[in-house]
Structures are given as C-alpha cells and as structure tokens.
Protein chains: 2
Amino acid sequence: METSSLIKVTKTENSKINQVDFDNLVFGKTFTDHMFICDYKDGSWQTPEILPYQPLTLDPSAKVFHYGQAVFEGMKAYKDEQGKAWLFRPEENFERINKSSKRLNIPEFIKEYFLEGLNELLKLDSAWIKSGQDAGNALYIRPFVIATQAGVMASPSTEYKFIIICSPVQAYYTKDVKVKIADYYSRAANGGFGAAKAAGNYAGQFYPTKLVQEEGYDQVIWTDDTNHEHLEEAGTMNIFFRINDTLVTCPISERILDGITRKSVITMAEKLGITVEVRKVTVTELIEAANNGSLKESFGSGTAAVISPIGTIAHKDNVWTLTKPEDCYSAAIKKAILDVQYNVAEDTFGWRYEVK
Amino acid sequence: METSSLIKVTKTENSKINQVDFDNLVFGKTFTDHMFICDYKDGSWQTPEILPYQPLTLDPSAKVFHYGQAVFEGMKAYKDEQGKAWLFRPEENFERINKSSKRLNIPEFIKEYFLEGLNELLKLDSAWIKSGQDAGNALYIRPFVIATQAGVMASPSTEYKFIIICSPVQAYYTKDVKVKIADYYSRAANGGFGAAKAAGNYAGQFYPTKLVQEEGYDQVIWTDDTNHEHLEEAGTMNIFFRINDTLVTCPISERILDGITRKSVITMAEKLGITVEVRKVTVTELIEAANNGSLKESFGSGTAAVISPIGTIAHKDNVWTLTKPEDCYSAAIKKAILDVQYNVAEDTFGWRYEVK
Ligand SMILES: Cc1ncc(COP(=O)(O)O)c(C=O)c1O
Ligand SMILES: Cc1ncc(COP(=O)(O)O)c(C=O)c1O
C-alpha cells in the first residue's frame with residue numbers, strides 16, 4: 001500500500017493485462033486493473049482511494065436503483081509514439097459532471113481529487129493505454145457518481161460514491177452511421193435534465209432506438225418534444241450538417257448535452273478556415289437542403305468516435321444518402337483533433353494534459 | 001431450505017424483527033427478513049428465489065449505474081384485525097411494471113413469478129405486517145428491476161435482476177401538503193417516458209423540489225413542458241381538484257403515471273355519489289377557481305398515503321390556502337378505500353387479494 005498526498009493507493013497483486021487481446025476489443029467490455037473510488041457521507045467527500053478493480057456491494061434499497069441519481073462522464077487517454085499518455089480537456093469533464101450533479105441534487109465533487117485521481121490511476125494502469133492513432137487505440141475513462149444511501153423514500157440520497165473505471169478501446173464506429181429523425185419519441189423535456197449526462201437520459205432512448213434499428217438505422221436524431229421540428233442531437237453524439245460550405249450545428253440548451261467534442265470541432269473547423277454557424281436547424285431546412293443537394297455532409301461528434309460521418313438520413317418515409325465530397329470536412333477536422341489528442345500536432349488551444 | 005413449486009426459498013436464521021420499533025418507523029428505512037430475486041440472463045428469467053435480505057454485488061460497470069435501466073413499483077400489504085394479510089390490486093402493479101419495462105427496453109416479467117413470489121414472501125414475513133388502520137400500519141412493497149450486465153456501452157442490458165423488498169411503514173404525510181405549481185422545470189417530455197415508473201423520472205425532480213422546499217413548500221405540481229399551462233401530477237402522487245361539487249383530475253398520458261390509487265379514487269368517488277370529471281385542468285382555470293372560491297378541496301393520490309389533502313397551493317407569487325369543507329370528499333374517499341384495504345368493508349370491485 002502506498003499513500004499519495006491525497007489518495008490512498010492499494011495496488012493489485014494480479015494484473016489481468018496479459019489476458020487481454022488489445023487488437024480485438026469490444027467497446028466498454030474490458031476494464032483495467034484499478035479503479036478510483038471516493039465516498040460521500042456525513043456531508044463531505046471522504047479520502048479518495050485507488051483500489052484493485054472490484055465489484056460494488058450495495059443495499060438493494062440503495063437510491064441509485066430506485067430514483068436514478070446517477071451521472072457520468074466519458075473521456076479518453078491517448079498514448080503518443082514516445083510512450084507518453086495524454087488526456088484531452090479533462091477540466092471540461094470535471095465541470096460537466098458537476099453541472100450534471102447539481103441538476104440531480106448530487107453534491108459536487110472536488111477538482112483536485114478528480115485530476116489527481118485520474119493522474120494516479122492512469123499512471124498505475126499506463127500499460128493499458130496503447131499507442132496507435134490509426135486503430136483508434138485509447139483508454140476510455142468513465143467517471144460516475146451513484147447514490148448509495150439505503151432507503152426507499154423518494155428524496156435525495158445522503159450518501160454517494162464517485163468512481164472512475166477505465167476500459168481500453170479501439171475505434172468505435174467503423175462504418176458510416178445511418179440515422180433516423182425522431183417524429184414521435186423524445187429524449188428531453190423543456191425544463192428537464194437533458195443537458196445533464198445523467199443515467200436517466202439514456203434508458204429512455206433504447207426502445208425508440210430499437211424501433212429504428214428494426215428499420216435498418218443505427219441511431220435516432222432527437223428533435224424538440226413540442227413539434228419535432230428542431231434537430232437536436234443523437235443518442236451519444238452532437239450533430240453537424242454541412243450546407244454548401246458552411247458547417248452548421250444547433251446551439252446547446254437545457255435539452256442538449258454540451259459536448260466537449262462539439263466545442264472542439266467548432267474551434268478546430270474555424271482554425272481550418274471553415275465557416276461555422278451555431279444556430280437552430282429545422283427538419284424542414286434539412287429536408288430542403290437534402291433535396292436540392294446543398295446538404296454535402298453530416299456527422300456526429302462525441303468522445304467515443306471523435307467524428308462519425310453520417311451516410312444515411314431518414315425522416316418518416318424519406319431517405320437521403322450522402323456521398324462524401326472530395327474536400328471532406330469531417331475527415332479533415334477529425335484528423336486535426338486526433339493529431340492533437342495523440343500529440344503529433346501542436347496544441348494551439350491548450351487542450352492536452354500530460355499524465356505524469 | 002424449502003422448495004415451493006416455482007420458487008426456491010432459503011429462510012434467514014436470524015430474524016431482525018425484535019430489533020424494530022413498529023411505532024416509530026421512518027418511511028422506507030427498515031426492511032423485512034427476506035427478499036425475492038429473479039435473474040434474467042441468456043434470454044430468459046431464471047428460477048426465482050427468496051433469500052435472506054442481503055446486499056447486492058454488482059460490477060461497477062453494471063448498466064443500471066450508467067444508463068439508468070431501472071423501473072419499480074410501490075404497493076402495500078395490509079393486515080386485518082383477524083390477522084389476515086391483503087394486497088390491493090396487485091395485478092395492476094404487475095401490468096404497470098411491465099409497461100414501464102417495455103418503455104425502457106427491459107424484458108417483461110412473468111405473472112406467476114410475480115404473484116407467487118409476493119405471496120410466498122409475504123407469508124414468510126407475515127409478522128412484519130401489523131394491523132392498525134388508524135396508524136396507517138402496512139407493509140410497503142417495492143418490486144424493482146435493474147440492468148446488471150457489465151459494460152460501458154450505451155445499449156440495452158442483456159442481464160437484469162427483478163427484486164422485491166418490503167418495508168414496514170406507517171402513515172406517510174401526517175400534515176396537509178403544501179404544493180407549488182411548476183412554471184419553469186418539468187418532469188416529463190412529450191414522447192418521453194413520464195408514464196413509466198422509471199428511476200430516471202425521480203432524480204430530475206429532486207433539485208426543483210429542493211428549490212420549492214426552500215420557499216416552504218413540500219412538493220411541486222408538475223405541468224406540461226411546453227407552456228406550463230396543464231396541471232399534471234405531483235412527484236409521487238396524481239392530483240385531484242374539487243371545483244364546486246365536482247371532482248376533477250387530468251387524463252393520464254404518456255407524461256403521467258397511471259396511478260392505481262387515482263383509478264381507485266375515481267371508482268370509489270363515483271360509488272359514493274360524487275361526480276367525477278377526467279379532463280384537462282389548466283392553471284388558469286385553477287387560479288380562477290381558487291380566487292372565486294369554487295376550489296373547495298384538492299388532494300394527491302398515491303400508494304404511500306392513499307390520499308394526501310393539499311392545504312396550500314402556490315403559483316408564482318400567489319398563494320391560496322384551502323380549508324376543508326364539512327362534507328370533505330378526500331376524507332370520505334380515503335376512508336372508503338382504506339376500509340377495503342384493511343378488510344373492514346365489502347370489496348365490491350374485487351380489489352382485495354388475500355395472501356395465503
Ligand atoms: C447525449 C450525448 N450527446 C453528446 C455527447 C458527446 O459529448 P462529448 O463530445 O463530450 O463526448 C455525448 C457523450 O458522449 C452524449 O452522451
Ligand atoms: C410519479 C407518480 N405519480 C403518481 C403515483 C401514484 O401512483 P399509485 O397510486 O399507483 O401509487 C406515483 C407512485 O406512487 C408516482 O411515483
């Protein structure tokens with residue numbers, strides 16, 4: 001057992017790393033040797049610990065099972081060819097998980113615990129981060145908070161666990177994505193918690209997503225719940241449309257997750273000389289652009305895949321297929337961001353954060 | 001160890017019942033000696049078991065923690081003065097949990113397992129059900145389903161646990177409730193899963209509820225998320241208004257939980273000769289009725305409290321206080337329903353279900 005200044009560290013005695021085939025990973029299935037865990041009780045966060053990856057033991061009445069107080073983050077660590085590990089804008093994830101927590105009445109976490117916890121955990125499990133930009137090798141990092149107080153009364157929990165687990169991954173979508181625009185189901189309400197990365201925002205999407213998958217699509221593009229006229233986001237991605245030579249994405253709102261990749265895409269596109277408009281995009285406008293050929297590209301942005309080109313868009317009975325133009329924006333932006341993430345390009349925006 | 005036809009039963013060797021002060025119970029804090037548990041894996045529900053009440057051990061990547069696939073029910077068992085235990089409309093709870101499950105892409109449960117599981121569990125823990133209608137003594141029963149598959153990918157779980165735990169309780173609210181009508185935050189989206197008794201519908205209410213509690217209210221009355229003009233329901237209760245001599249409640253919809261107490265109130269009120277209207281109620285109408293004195297009563301309905309009279313209603317800066325009329329509908333309906341639940345009145349509607 002070692003003790004860092006803030007964090008109590010207990011190392012595993014049996015690394016699982018030799019059992020893992022890093023060339024054939026299923027996204028989110030394999031976990032590293034250690035996890036970070038910090039308990040909230042008696043009104044404050046206790047001493048954080050790094051422990052061997054292990055199951056959680058919770059009372060069956062723990063509030064997370066009944067009232068859904070659970071928020072999470074998704075981030076990645078990348079390894080460069082020199083063997084150094086890097087995080088991408090981790091402070092953004094820290095701020096967002098606290099924003100999510102606030103909306104779900106979960107106590108906010110402590111920045112030093114988060115950043116030092118990540119750093120220590122990644123140092124310990126550094127061998128699990130593989131280099132290889134082309135294969136999309138990375139370590140997917142999942143910080144999350146769950147309500148652990150025992151008791152079936154619908155009120156905020158007095159106890160929580162903040163946990164970080166890590167999973168080695170490769171590129172997420174390998175094919176272009178087929179999406180269908182929602183015209184009945186919705187993801188978020190006005191005045192709801194759609195902007196929070198809360199567990200409760202995901203389960204509700206599975207059934208409508210299954211319905212479109214039965215029609216041959218991969219994901220739903222969510223629209224506003226009032227009249228399904230404004231394009232909002234996909235299940236785990238924000239969305240962009242290239243109309244003629246302008247890249248358009250809708251503004252974030254209390255219904256939409258403020259994606260860190262989305263922000264980075266906007267900044268990077270502008271750096272690459274692409275005109276970006278952040279404004280409402282209606283279904284009517286999109287259909288018109290698809291019909292008259294001015295819709296040149298569309299893609300989703302998110303930590304898992306950086307950018308996922310959209311190859312097919314459907315709305316009710318109409319289907320449009322998009323062919324990538326030669327001066328493909330999505331490919332250029334994706335490469336520019338990946339080059340920063342894997343430390344092969346200059347980090348002009350201060351996005352990289354070295355693990356050391 | 002015993003084996004019922006369907007369920008494998010393992011009894012506890014150490015009953016906790018003597019440690020419990022049944023006259024000073026905190027709602028939902030104390031649990032009985034046993035629990036029911038049934039696993040779903042390999043595409044089907046496995047042999048259900050009754051076990052000593054015990055913690056759950058789950059991988060930190062279990063989907064319930066990340067994607068919120070979790071639904072539940074709330075029901076009660078009552079003991080009559082002859083020592084017989086009764087459930088109230090349990091098949092309604094069974095149907096509703098399956099409806100909730102379907103919306104969250106959770107496999108539906110098996111009716112015999114549910115009803116026989118309840119029956120065996122309540123027989124085993126029968127001593128925990130105390131008679132006493134005036135004190136509101138009952139056993140609160142919490143069936144719930146959680147997604148247990150390990151893995152951080154946003155897709156439906158392939159493994160679940162269906163669990164039933166039980167908690168001895170007394171009357172829930174002892175005072176009249178003070179409510180404030182929502183004019184910014186919302187509970188559910190059109191096309192969302194507000195009609196499901198899903199964990200994710202509760203966590204989002206805690207923060208807005210805390211805000212009204214800071215102003216001295218107990219609960220929020222939710223309104224539609226489009227323009228906050230239609231009165232929908234409270235956090236864990238459906239709502240009724242008595243306008244002159246008519247009892248009014250809004251229709252259920254995909255945004256509102258189809259409360260079993262609500263249904264029972266409508267039926268019982270009609271039996272008592274009260275005119276009931278199921279129709280939209282607007283905030284404007286309510287304010288008018290409150291101002292001109294035609295709003296005579298208001299109450300919430302739910303399993304926990306049966307009927308909770310509302311004493312104060314606020315909207316923005318306006319506050320109305322309601323004084324119970326002499327021919328109080330809520331008291332009459334509550335008594336009539338409790339009399340059925342505690343087996344002191346005839347069960348004309350076939351609502352009672354004997355545990356035996
Ligand atoms: C609903 C939703 N929208 C968008 C995103 C993209 O956010 P980010 O770019 O921060 O990963 C995610 C998460 O990955 C998400 O879950
Ligand atoms: C949101 C909500 N509305 C209404 C109710 C009332 O439903 P029931 O009468 O079936 O208990 C409940 C549950 O108790 C609830 O959670």
Side-chain angles (χ1 to χ4, degrees), chain A residues 26-29 31 35 53-61 64-70 72 74 102-105 140 142 144 146-147 150-156 163 165 167 182 184-193 198-207 210 225-226 228 235-236, chain B residues 26-29 31 35 53-61 64-70 72 74 102-105 140 142 144 146-147 150-156 163 165 167 182 184-193 198-207 210 225-226 228 235-236:
Chain A
V26 178
F27 193 96
K29 259 284 160 213
F31 294 92
M35 63 196 279
Y53 189 90
Q54 60 191 266
L56 302 175
T57 300
L58 293 177
D59 196 87
S61 71
V64 61
F65 299 135
H66 303 271
Y67 305 115
Q69 268 187 302
F72 67 98
K102 190 169 175 204
R103 182 62 184 81
L104 265 67
N105 216 54
Y140 181 80
R142 170 57 58 91
F144 65 107
I146 54 172
V152 290
M153 61 295 277
S155 58
I163 298 171
I165 53 177
S167 173
Y184 175 74
Y185 289 106
S186 310
R187 179 184 172 277
N190 301 304
F193 58 96
N201 282 327
Y202 294 81
Q205 299 186 55
F206 293 160
Y207 178 71
K210 187 186 76 175
D225 79 314
T226 310
H228 302 289
T236 56
Chain B
V26 178
F27 193 96
K29 259 285 159 213
F31 294 91
M35 64 197 278
Y53 188 89
Q54 61 191 266
L56 302 175
T57 300
L58 293 177
D59 196 87
S61 72
V64 61
F65 299 135
H66 303 271
Y67 305 115
Q69 267 186 303
F72 67 97
K102 190 170 174 205
R103 183 61 182 84
L104 265 67
N105 217 50
Y140 181 80
R142 171 58 57 91
F144 65 107
I146 53 173
V152 290
M153 61 296 278
S155 58
I163 298 171
I165 55 178
S167 173
Y184 174 73
Y185 288 106
S186 310
R187 179 184 172 277
N190 301 304
F193 58 96
N201 282 326
Y202 294 81
Q205 299 187 55
F206 293 160
Y207 178 72
K210 188 186 76 176
D225 80 314
T226 309
H228 301 289
T236 56

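Throughout, a chain's letter reflects where its sequence line sits, starting with A, and its residues are numbered from 1. Computed over heavy atoms, backbone and side chain alike; hydrogens, waters and symmetry mates excluded.
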Using a cut-off of under 4.5 Å for heavy-atom pairs, which of [options] has the most such pairs with chain B?
options: I163(A), L56(A), T57(A), T226(A); value: L56(A)
options: A147(A), G235(A), A203(A), G74(A); value: A203(A)
options: M153(A), R187(A), R142(A); value: R142(A)
options: Q69(A), M35(A), H66(A); value: H66(A)

Where do F31(B) and G28(B) come nearest, in terms of heavy atoms and distance?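 So the minimum-distance heavy-atom pair works out to CZ-O, 3.3 Å.
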Options [options], ranked by heavy-atom pairs under 4.5 Å with chain A, top entry:
options: G68(B), S167(B), G200(B), A150(B); result: G68(B)
options: R103(B), Q54(B), K29(B); result: R103(B)
options: Y140(B), F144(B), Y184(B), F193(B); result: F144(B)

Kindly check if the number of other-residue, nucleotide or ligand heavy atoms within 6.0 Å of NZ (K102(B)) is above 12?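 Not more than 12 within 6.0 Å, no.
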Pair F27(B), S155(A) - check side-chain contact (heavy atoms from CB on, under 4.5 Å), show working. CA-CA 11 Å; F27(B) 193 96; S155(A) 58; over 6 Å; no
Taking only residues two or more places apart in sequence, or in another chain, which ones meet Y202(A) in a ring pair (Phe, Tyr, Trp, His ring centres under 6.0 Å)?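 For Y202(A) the ring pair (Phe, Tyr, Trp, His ring centres under 6.0 Å) partners, ignoring immediate neighbours, are F72(A), Y67(B).
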Proximity breakdown for [X] and chain B, heavy-atom pairs closer than 4.5 Å:
X: L104(A); result: both
X: A188(A); result: backbone
X: I165(A); result: side chain

Applying the side-chain contact (heavy atoms from CB on, under 4.5 Å) criterion to F65(A), which one of I146(A), V152(A), D59(A), L58(A) satisfies it?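 Among I146(A), V152(A), D59(A), L58(A), the one meeting side-chain contact (heavy atoms from CB on, under 4.5 Å) with F65(A) is L58(A).
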Test item: N190(B) side-chain N/O and D225(A) main-chain N/O as donor-acceptor pair under 3.5 Å: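 Yes; at least one donor-acceptor contact below 3.5 Å.
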